[in-house]
Asks: 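The following block contains the structure, expressed as structure tokens.
Letters go in sequence order (proteins before strands), and every chain restarts at 1. Predicted model only: the values in this text are computed from it and were never measured.
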Amino acid sequence: MKNFLAELESRGFIRQITEREKLAEKLAAGPVTAYIGFDPTADSLHAGSLLPIMALVHLQRAGHRPILMLGAGTARVGDPSGKTEMRKLLEGKEIDDNARKIQRQVSRFLDFSPGKAILLNNHDWLKNLRYVDFLREIGRHFSVNRMLAAEAYKIRMEKGLSFLEFNYQILQAYDFLVLFREQGCVLQMGGDDQWGNILAGIDLIRRLESADAFGLTFPLLTTASQEKMGKTAAGAVWLDPERTSPYDFFQYFRNVDDRDLENFLGFFTFLPMEEIRMVKDLSEAELNQAKTILAFEITKFVHGDKEAESAWKAAAQLFGAKGINPNLLPSSSIHKITLGAAEEDIPSSSLPRQRLVNGLPAWELIFEVGLAPSKSEARRLIQQGGVYINDEKIGEGHDLISPVSVRDGAILIRVGKKKYHKIKVI
RNA sequence: GGAGAGGUUCCCGAGUGGCCAAAGGGGGCAGACUGUAAAUCUGUUGGCUAUGCCUUCGGAGGUUCGAAUCCUCCCCUCUCCA
């Protein structure tokens with residue numbers, strides 16, 4: 001049995017932990033059941049959820065039993081932790097739909113065969129709670145004074161905190177209690193914003209069951225430029241290939257800040273730390289290769305080998321293929337792939353030749369294929385010299401696309417440095 | 001329930017009758033520089049069948065030649081009091 005805590009620690013996963021020594025003993029003594037909750041507030045997880053997922057995978061690999069709990073019940077309440085404002089309430093049906101989709105999504109990350117891992121949904125036990133009974137059994141163990149003193153609520157004391165949200169922590173504590181009673185779950189993990197909620201659950205278990213339970217939080221990931229990990233202005237980086245294509249997903253991690261590279265390799269890959277630590281001393285060119293490996297490994301984990309390979313090949317083609325030093329992070333399976341001809345993995349669509357005959361304004365095409373959110377934006381891009389057809393900059397007034405632009409049956413449009421779209425002319 | 005403050009474009013925030021598609025900052029996008037990085041500098045940032053037209057300043061009405069700005073009602077948030 002691998003040492004789970006040591007593994008997490010060396011990879012930088014641990015922000016806070018309760019009673020470390022006692023927990024370490026317990027983990028050493030035999031398989032331990034631990035859980036992380038995910039609230040289905042969208043129909044896909046995003047890159048920010050990747051860290052807790054990885055933690056569950058490490059847990060399973062170390063021979064323990066992870067519980068992945070969907071919070072369809074708690075999502076109906078809304079967690080105020082770390083939020084300065086109440087977010088809009090979702091319909092119950094929407095939440096359940098989301099939960100179903102996420103369930104499908106996560107099933108590839110963990111081995112959910114019997115005894116290996118469990119997938120639960122807290123709506124199953126929260127929906128039938130009876131208010132007065134619940135208040136008497138659970139509610140009496142919570143001190144309002146103490147809850148209000150918590151930092152998480154303090155922020156909200158100015159902006160307003162509804163009673164609904166105030167109950168979130170109580171429900172989350174109750175979840176932990178239920179999982180302790182029914183599954184023997186003694187450890188809850190989560191983002192550091194969950195620390196207070198996790199402690200509440202540990203307290204509740206101690207009071208009602210006189211038993212020890214443990215908590216562990218992960219650092220809240222921000223990129224070196226202080227942005228929330230996995231968020232771009234265009235929206236989150238989703239794990240769902242429908243929402244964020246494997247190519248874009250790959251590119252997100254390919255373009256991480258230098259300063260984030262080592263951390264991210266530890267968080268999001270399974271490469272050994274001895275190899276990862278060496279990236280500190282890399283030269284410029286090798287730094288870029290290491291980023292490629294990072295992107296490849298994460299894409300492989302989330303979307304599978306094939307998608308990772310073709311995303312890499314597509315990127316290599318567009319940005320110029322560069323080999324990867326085989327001594328760099330040698331455990332990565334990227335070294336087994338030879339960069340052959342690139343696959344058609346850049347976004348593409350088709351266009352009837354008919355439409356080109358009289359010349360089609362580029363801005364119209366750019367808008368249609370989704371490279372610009374509006375036609376005005378598309379025109380602006382052209383004006384500012386940000387649009388390239390077959391890698392040639394087009395200027396204002398020279399933006400009519402005709403059959404002359406077709407190369408090998410297709411037109412390659414590029415916006416900015418990194419966004420490509422291939423249009424197959426039929 | 002009472003008193004006060006406030007709701008402006010992605011965010012913060014100015015604007016108190018025409019010069020307002022709305023200052024400034026942040027963020028985003030594009031360009032230069034680079035290593036598909038960061039930092040820096042420049043431009044840009046509602047939409048459209050585009051030298052004009054349409055929609056936007058919590059919502060609905062109204063006054064006016066003209067309203068983000070004035071009036072009425074409503075909704076929401078915050079602070080203090082109950």
Side-chain angles (χ1 to χ4, degrees), chain A residues 80 83-89 154-165 222-229 231-237 247-265 279-280 282-296 298-299 311-325 328 339 342 345-346 358-368 370-389 391-397 399 413-420:
Chain A
K83 298 190 180 59
T84 50
E85 270 167 54
M86 182 167 175
R87 79 177 139 202
K88 89 178 209 302
L89 276 181
K154 253 190 217 152
I155 313 168
R156 292 294 297 274
M157 294 315 285
E158 291 179 10
K159 281 276 189 171
L161 175 69
S162 70
F163 183 66
L164 176 77
E165 292 176 285
T222 49
T223 60
S225 44
Q226 298 308 310
E227 274 153 51
K228 229 188 209 165
M229 157 73 209
K231 296 263 185 195
T232 65
V237 176
Y247 172 76
D248 288 334
F249 185 86
F250 179 96
Q251 282 297 319
Y252 175 80
F253 288 100
R254 173 60 185 77
N255 286 315
V256 297
D257 194 295
D258 285 4
R259 294 166 289 178
D260 290 323
L261 179 58
E262 189 182 346
N263 287 342
F264 280 19
L265 282 165
V279 307
K280 260 202 284 293
L282 293 181
S283 65
E284 290 179 359
E286 285 177 320
L287 214 48
N288 270 341
Q289 293 175 24
K291 286 185 191 179
T292 302
I293 295 177
L294 171 73
F296 176 81
I298 305 180
T299 309
W312 177 39
K313 284 180 174 171
Q317 186 196 35
L318 294 175
F319 293 101
K322 294 177 193 96
I324 289 188
N325 181 345
L328 189 61
L339 266 182
D345 210 51
I346 49 177
N358 294 321
L360 184 63
W363 49 264
E364 197 166 325
L365 201 53
I366 290 162
F367 168 73
E368 271 181 40
L371 284 172
S374 71
K375 292 179 191 171
S376 294
E377 176 81 33
R379 286 169 193 255
R380 251 193 312 274
L381 283 166
I382 293 170
Q383 270 169 30
Q384 301 188 350
V387 175
Y388 305 76
I389 302 290
D391 277 324
E392 255 176 67
K393 187 180 281 191
I394 58 169
E396 212 181 346
D399 57 351
I413 305 187
R414 188 177 110 216
V415 167
K417 287 181 185 132
K418 296 167 197 172
K419 280 179 291 188
Y420 287 86

Asks: Send over the distance from A:L318 CG to B:rG35 P, rounded to a whole Å.
Replies: 19 Å
Asks: With a 3.5 Å limit on both atom pairs, tell me what B:rU69 is paired to, counting Watson-Crick and G-U wobble, or say none.
Replies: none
Asks: If you check every side-chain atom of A:K291, which of B:rA30, B:rU36, B:rG35 has the closest atom?
Replies: B:rG35
Asks: Only counting residues at least two apart or in another chain, list the ones meeting salt bridge (Lys or Arg N to Asp or Glu O under 4.0 Å) with A:R380.
Replies: A:E377
Asks: Could you tell me whether A:L287 contacts a base, only the sugar-phosphate backbone, or nothing, with contacts defined as non-hydrogen atoms closer than 4.0 Å?
Replies: base
Asks: Please identify each residue that fulfils ring pair (Phe, Tyr, Trp, His ring centres under 6.0 Å) with A:F249, with sequence neighbours left out.
Replies: A:F253, A:H303
Asks: Report the base-pairing partner of B:rU49 (Watson-Crick or G-U wobble, both distances below 3.5 angstrom), or none.
Replies: none
Asks: Tell which nucleotide pairs with B:rG1, taking only Watson-Crick or G-U wobble pairs whose two distances are both under 3.5 angstrom.
Replies: B:rC81
Asks: In whole Å, I'd like the distance from the NZ atom of A:K418 to the P atom of B:rA30.
Replies: 8 Å
Asks: Quick one: is A:K417 getting a side-chain N or O under 4.0 Å of the B:rC33 phosphate, OP1 or OP2?
Replies: no
Asks: If the C1' atom of B:rC70 is compared with that of B:rU63, how far apart are they to the nearest Å?
Replies: 8 Å
Asks: Quick one: on RNA chain B, does A:E284 or A:K419 contact a more 5' nucleotide (nearest heavy atom)?
Replies: A:K419
Asks: Tabulate protein N/O versus nucleotide N/O from nucleotides 41-44 of chain B, keeping only pairs under 3.5 Å, one per line.
Replies:
| residue | atom | partner | partner atom | Å |
| --- | --- | --- | --- | --- |
| B:rG43 | N2 | A:Q384 | OE1 | 3.0 |
| B:rU44 | O4' | A:Q384 | NE2 | 2.9 |

Asks: Closest to the A:K393 side chain: B:rU36, B:rU49, B:rG31?
Replies: B:rG31
Asks: Using the C1' atom on both, measure B:rU56 against B:rU51 and round to a whole Å.
Replies: 23 Å
Asks: Is there a Watson-Crick or G-U wobble partner for B:rU9 with both distances under 3.5 Å, and if so, which one is it?
Replies: none
Asks: If pairing requires Watson-Crick or G-U wobble contacts with both distances under 3.5 Å, which nucleotide is the partner of B:rU55?
Replies: none
Asks: Considering only side-chain heavy atoms of A:D258, which listed nucleotide, B:rA30, B:rA37, B:rA38, is closest?
Replies: B:rA37
Asks: Distance check, rounded to the nearest 0.5 Å: A:D391 atom CG versus A:K393 atom NZ?
Replies: 12.0 Å
Asks: Are any of A:Y388's side-chain N or O atoms less than 4.0 Å away from OP1 or OP2 of B:rG31?
Replies: yes
Asks: Pick the C1' atom in B:rG1 and in B:rU9, then give their distance to the nearest Å.
Replies: 37 Å
Asks: Within the pair A:K375 and B:rU49, is there a side-chain N or O less than 4.0 Å away from OP1 or OP2?
Replies: yes
Asks: How far does the C1' atom of B:rA23 sit from the matching atom of B:rC57, given to the nearest Å?
Replies: 14 Å
Asks: Would you kindly give the CG-to-C1' distance between A:L261 and B:rA37, to the nearest whole Å?
Replies: 10 Å
Asks: Over how many whole Å does the gap from A:N288 atom CG to B:rA38 atom P extend?
Replies: 11 Å
Asks: Can you tell me, in whole Å, how much space there is between the P of B:rA3 and that of B:rA82?
Replies: 15 Å
Asks: Expressed as a whole number of Å, how far does the C1' atom of B:rA22 sit from that of B:rU69?
Replies: 11 Å
Asks: Taking the P atom of each, how far is B:rA39 from B:rC20, in whole Å?
Replies: 34 Å
Asks: In whole angstrom, what separates A:F250's CZ from B:rU36's C1'?
Replies: 10 Å
Asks: Considering every strand shown, what is the Watson-Crick or G-U wobble mate of B:rA38 when both distances are under 3.5 Å?
Replies: none
Asks: What's the closest nucleotide to the A:N255 side chain, out of B:rA38, B:rC29, B:rA37?
Replies: B:rA37
Asks: Under 4.0 Å between any heavy atoms, over every strand shown, what does A:S376 touch: base, sugar-phosphate, or nothing? Just pick one.
Replies: base
Asks: Considering only atom P, compute the distance from B:rG62 to B:rC11 and round it to an integer number of Å.
Replies: 29 Å
Asks: Tell which nucleotide pairs with B:rC33, taking only Watson-Crick or G-U wobble pairs whose two distances are both under 3.5 angstrom.
Replies: none
Asks: Give the rounded distance in Å between these two atoms: CG of A:L371 and P of B:rA30.
Replies: 11 Å
Asks: Heavy atoms only, 4.0 Å cut-off, all strands: where does A:V387 land among base, sugar-phosphate and nothing?
Replies: nothing
Asks: Pick from A:V279, A:I324, A:N325: which one makes a side-chain contact (heavy atoms from CB on, under 4.5 Å) with A:E286?
Replies: A:N325
Asks: Which heavy atom of A:I293 sits nearest to which heavy atom of A:L328, and what is that distance?
Replies: CD1-O, 3.7 Å
Asks: Which heavy atom in A:V387 sits nearest to a heavy atom in A:I382, and how many Å separate them?
Replies: CG2-CG1, 3.7 Å
Asks: To the side chain of A:D257, which of B:rU36, B:rG47, B:rA37 is closest?
Replies: B:rA37
Asks: For a quick test of reading the model, state the closest non-hydrogen atom pair linking A:A372 to A:F367 and the distance between them.
Replies: O-CD1, 3.7 Å
Asks: Output the rounded distance in Å from CZ (A:R379) to P (B:rU45).
Replies: 14 Å
Asks: Can you tell me how far apart CZ (A:R254) and OH (A:Y247) are? Round to the nearest 0.5 Å.
Replies: 10.5 Å
Asks: For A:W363 and A:K375, which heavy atoms make the closest approach, and how far apart are they?
Replies: CZ3-CD, 3.7 Å
Asks: Grab the CD-C1' distance between A:Q383 and B:rU45 for me, whole Å please.
Replies: 12 Å
Asks: I need the A:L371 CG to A:I413 CD1 distance, nearest 0.5 Å.
Replies: 6.0 Å
